Structure formats: C-alpha cells, structure tokens
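The next block holds one structure in the form of structure tokens; read it before the comments.
Position 1 is the first residue of the sequence, and the numbers go up from there. Nothing here was measured: the structure is a model prediction, and the numbers come from that model.
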Amino acid sequence: MNESVDVQAPPSGTVPLRRNWRFQVFWSGAVASLLGLRIAGLAYPLLILALTGSPATAGAFGALQTGTMLLLAIPGGAVADRANRRTVLAGALALQAAAVASVSIAMALHVLTVAQLMGTAVLLGAGTAFGGPVRMLALRSLVPPEQLSQALVQEEVRTSGGNLVGAPLGGVLYALGRALPFVASAVGCVLAVISIFVVRFDGRVQRPAGQARGSFLQGVRILWAGRLLRTVLFLVGTLGVVNAALTLVVIVQLQHDGASSGTVGLVLAGEALGGVLGALLTKRLHAALAPGHLLLAVGWCVAPLLLLMAVPWGTGWLLVVLSLIALGQPSLTVMLDILVFRQVDDAVRGRVIATTIATIGVGTPVGSALGGLLLQFESPAVALATLAVVLCVPLVTASFNRELRAARWPAD
C-alpha cells in the first residue's frame, strides 16, 4: 500500500472537476436542499416556542428528527443496495419538500398544530436516512475514481458552508415572515429533485452475477469484522460525542458571560467556518500524514483545545478555538470514505455507509445528554475538562494500537 493518498493531477483527457457539469449541477442541487433545510432548522424551534412557549417541546422536535434518522439508517442502507438509487434519492427529497411545504401551507390556512410539526420531524429524519447513503453512492457515478477525493472535499465545503450561512439566513427570513424559512426550504428540496432528473446517472446496483443480496445487517458485520475499522469508528464517534456536548457547553458559558443571542450564534458559526477551512486543507493533510497518524493528530489537538476554551479571553477567543477544533473534521470524513467505503463492493456499500452514519450519528444525542448532565452539576470549565478526559481515554489506547499506527492509504 502507498504512503500517501492520490493527490496527483487527473490523467490526460479527464475533464477537470470544475468543468464536470453533471457533478456540478448535482452538487448545486444538493447545496440548495441543504441550505433550505438549515434555514428551516433554526425556524422550527422558534415557531414551536411561539406556539407553545415550551423549550422541552422545541427540543423534542430535534430529538424526534435525529431519532428517526438513526432508527431508519440501516434499513435505508439496505434499500440503497437493492432499489434504483435515482428513484430512492428523488423520493427522499420529494418527501422532505412535501413535509416542509405542508408547514407553510398550514400556517397560511391558520391550522398548524404541534402534532403536524412533530410529523414533519419524522418525515425529515426518514428522508435523511434513505437519501443520505444514496447521495454518497450517486456521487461516485458522476466523477472518475481519481477525482473522488476532490469531489468529497467539495462536499465538505457544501456541508460547512450550509451550516455557516443557513442559520443566520433563517433568522433573517423568520423575522420578515414566519412562513418564509419553510417556503425557502421547500424550494431548495424541489431544486435538488430537479437536478437529479437533469443529471443522468446509473442508479442500478452493481452486483456480480449470482451474488446474493445479503442481510440488511451486512454493513454491521463488515465493520465489526475489522479491528482497525472498529478503532477508527470508535475514535471518530467519540469526537462526535465531544463536539455535540461542546455546543451546549459553549452556549451556557456565553450566557453566564451575559452574551446576546446574536453573539452566541456568531461564536457557534466558528465551527462551520473551521469546517470550510479544514476542507481546503484536506488534500495537504492526507498527503502529509498516514490515516492512523491523521486521526491521532486530530484527536490529540482537540483535547488541549477543549481546555483552552475555559480560558476567559472573550467571545472572539471562543470563536477562534471552536474553529480550530473543527479544522480536522473534513479530513476525517474523507478518510472514512477512502479507508472504508471504497474498499467494499458496490453491492453492499450502501449498508456500510448507512451503518457508519448511524454509528457516528449516535454521538449527537449521547453528547447532548452528557453535556447537559455535566452542566447540571458543574461549571462550564469543569465540563470542558471532563470532555477532554473523555476524549483522552480512547486516544491513549489507540496511540498504542500498532495496526492503527501502521495503517496506510490504499493503493489507487
């Protein structure tokens, strides 16, 4: 196996990614849907609070959406490996568009209820569970193998950029009219559906003749069978737990300092800003570090940064440190694709992707619960120190893992 990832120029005759119109149209549609969903993501809790005045009900929306996504993730991967992927992706996006559009229609008719909003949360989570794995699979049919890493970096820019712009834009639209964020979200999903029909790609599953479909738990078996894969997923999942808890800790810390809601939003945007910058550094990080060393380096950088967040140097300091913490995440996301997703047959790749998403996604509710529990009894500074310890425990163990340290990028 090679020491470095594929970073060479595309072979002669290959169209540069920026001129690959099929990928760029598909990517633009994904940008529209993601931005729309992020815009509405801020508006849901605001609307629920306006209707009920209950923070618990507002929190239940996000919990229900995430819970549905996690519950249906593995079945969604099985569908991705068995059904036509273009049809599944278009259906998932259409489902999300209809769910969001129903909110704005109900508002216009003055019949919106909390029950409908909770139903919307379920439909949004289901759309993500079935559409997420298929999107990653569809991308592979739009770019040549030597440009896949570059395409994934552009995907990371899309995700972080949507997170950076979506919430502030959602706040502005909600102030102009409560229904506007949901209209914008529905339009974004519709544009994504249109892009799927404009861009032709093979939606059939590539399965060798005579090969059985296998169990819908095949992805779990594949990931559990490899000790290296288990170690990588556990470390990346732990980072997800810490990041989820960190968001709540930062909010409470800023509130203790008397910061306004606008300042809180600005500081939290530092995570998305770090993600955008980290995506631009992914190519260099992969060329400089072997995968195991990259994972350990990111983890060991995050641990002391958590402690530095407790230093009372103002909101600007928190924004900078939060950006630095997020800097390595895009390189780890692309690393997972190279080490895991590209190494399995297309016939089971959807299940492997879905299992990975579900495994890492569990970190969000676990981290939120851990952060809330810590803040219930301790100060933000103590909570940050505890999160650093939580991260260091698996890092110490992984640092002595010879298989992880010896891991190399696969040959092209």
Is any side-chain heavy atom of L117 closer than 4.5 Å to one of L51?
yes

Could you pull out every donor-acceptor pair under 3.5 Å between side chains of residues 293-302 and any protein atom, sequence neighbours left out?
{"residue": "H293", "atom": "NE2", "partner": "R405", "partner atom": "O", "Å": "3.2"}
{"residue": "W300", "atom": "NE1", "partner": "S399", "partner atom": "OG", "Å": "3.1"}

Q329 side chain to G274 main-chain N or O, any donor-acceptor pair under 3.5 Å?
no

For the pair L336 and L233, evaluate side chain to side chain contact (heavy atoms under 4.5 Å, CB included) and give the outcome as yes or no after the intermediate values.
CA-CA 9 Å; L336 281 175; L233 284 179; 4.1 Å; yes

List the residues meeting ring-ring contact (aromatic ring centres under 6.0 Å, His included) with Y44, not counting sequence neighbours, and say none if there are none.
F61, F182

Flag side-chain contact, heavy atom, 4.5 Å: L139 against L148:
yes

Can you name the salt bridge (charged side-chain N to carboxylate O under 4.0 Å, His left out) partners of E403, sequence neighbours left out?
R227

Please round to the nearest 0.5 Å and tell me the distance separating atom OG1 of T386 and atom CG of L374.
5.0 Å

Per the side-chain hydrogen bond (donor to acceptor under 3.5 Å, both in side chains) rule, what does the pair list look like for residues 231-244, sequence neighbours excluded?
T231-N401

Partners passing salt bridge (charged side-chain N to carboxylate O under 4.0 Å, His left out) against E155 (at least two apart in sequence or in another chain):
R135, R158

From CE (M136) to CZ (R85), nearest 0.5 Å:
12.0 Å

Charged N to carboxylate O under 4.0 angstrom, D337 versus R349?
no

Is there a side-chain contact between Y174 and L47, using heavy atoms and a 4.5 Å cut-off?
yes

How long is the span from the CG atom in L152 to the OG1 atom in T282, to the nearest 0.5 Å?
9.5 Å

Atom CE in M69, atom CG in L71: separation rounded to 0.5 Å?
11.0 Å

Hey, could you give me the CG/CD distance between L17 and Q150, rounded to the nearest 0.5 Å?
4.5 Å

So do the side chains of M309 and L246 get within less than 4.5 Å of each other, counting heavy atoms only?
yes

Nearest heavy-atom pair of V242 and L391: which atoms, and what distance?
CG2-CB, 4.2 Å

Run the side chain to side chain contact (heavy atoms under 4.5 Å, CB included) check on T247 and E271 step by step: do they pass?
CA-CA 9 Å; T247 300; E271 182 178 1; 4.2 Å; yes

Applying side chain to side chain contact (heavy atoms under 4.5 Å, CB included), run through V88 and N84 and close with a yes or a no.
CA-CA 6 Å; V88 173; N84 184 288; 6.0 Å; no

Ring pair (Phe, Tyr, Trp, His ring centres under 6.0 Å) pairs, two or more places apart, involving residues 78-100:
none

What residue pairs, at least two apart or across chains, pass side-chain hydrogen bond (donor to acceptor under 3.5 Å, both in side chains) with a residue in residues 184-194?
none

If you compare all heavy atoms of A94 against all heavy atoms of V193, which two are closest, and at what distance to 0.1 Å?
N-CG2, 3.8 Å

Sorted by chain and residue number, the salt bridge (charged side-chain N to carboxylate O under 4.0 Å, His left out) partners of R178 (sequence neighbours excluded) come out as none

Atom pairs and distances, donor-acceptor, side-chain atoms in residues 26-38, under 3.5 Å, two or more places apart:
{"residue": "W27", "atom": "NE1", "partner": "Q154", "partner atom": "O", "Å": "3.2"}
{"residue": "S28", "atom": "OG", "partner": "Q24", "partner atom": "O", "Å": "2.7"}
{"residue": "S33", "atom": "OG", "partner": "A30", "partner atom": "O", "Å": "3.0"}
{"residue": "R38", "atom": "NE", "partner": "N163", "partner atom": "OD1", "Å": "2.5"}

Name each donor-acceptor pair under 3.5 Å that joins a side chain in residues 318-325 to protein atoms two or more places apart or in another chain, with its distance.
{"residue": "S323", "atom": "OG", "partner": "G270", "partner atom": "O", "Å": "2.8"}
{"residue": "S323", "atom": "OG", "partner": "L319", "partner atom": "O", "Å": "2.9"}

Should L332 and L239 be marked as a side chain to side chain contact (heavy atoms under 4.5 Å, CB included) after you check the CA-CA gap, both sets of side-chain angles, and the distance that decides it?
CA-CA 11 Å; L332 297 185; L239 283 167; 3.7 Å; yes

Do you know the tightest heavy-atom contact between M335 and H286?
N-CE1, 3.7 Å

For P365 versus T66, what's the shortest heavy-atom pair and its separation?
CD-CG2, 4.3 Å

For the pair T52 (side chain) and L49 (backbone), establish whether a donor and an acceptor sit closer than 3.5 Å, ignoring hydrogens and angles.
no

Quick one: does R86's side chain have a donor or acceptor within less than 3.5 Å of a partner on I196's backbone?
yes

Identify, with sequence neighbours excluded, every residue that meets ring-ring contact (aromatic ring centres under 6.0 Å, His included) alongside W317.
W313

For the residue pair A354 and P133, what are the closest heavy atoms and their distance?
CB-CG, 3.9 Å

Interatomic spacing from CG in L370 to CG in L375 - rounded to 0.5 Å
9.0 Å

Side chains of T68 and L72: closer than 4.5 Å at any heavy-atom pair?
yes

With the side chain counted from C-beta on, respond yes when T333 and E156 share a heavy-atom pair under 4.5 Å apart, and no when they do not.
yes

N/O donor-acceptor pairs under 3.5 Å from side chains in residues 119-132, not counting sequence neighbours:
{"residue": "T120", "atom": "OG1", "partner": "Q116", "partner atom": "O", "Å": "3.0"}
{"residue": "T128", "atom": "OG1", "partner": "Q96", "partner atom": "NE2", "Å": "3.3"}
{"residue": "T128", "atom": "OG1", "partner": "L124", "partner atom": "O", "Å": "3.1"}

So which atom in I338 and which in S149 form the shortest heavy-atom distance, rounded to 0.1 Å?
CD1-OG, 3.8 Å

Over 12 foreign heavy atoms within 6.0 Å of CZ, R230
yes

Using side-chain heavy atoms (C-beta onward) and a distance below 4.5 Å, is M118 in contact with V114?
yes

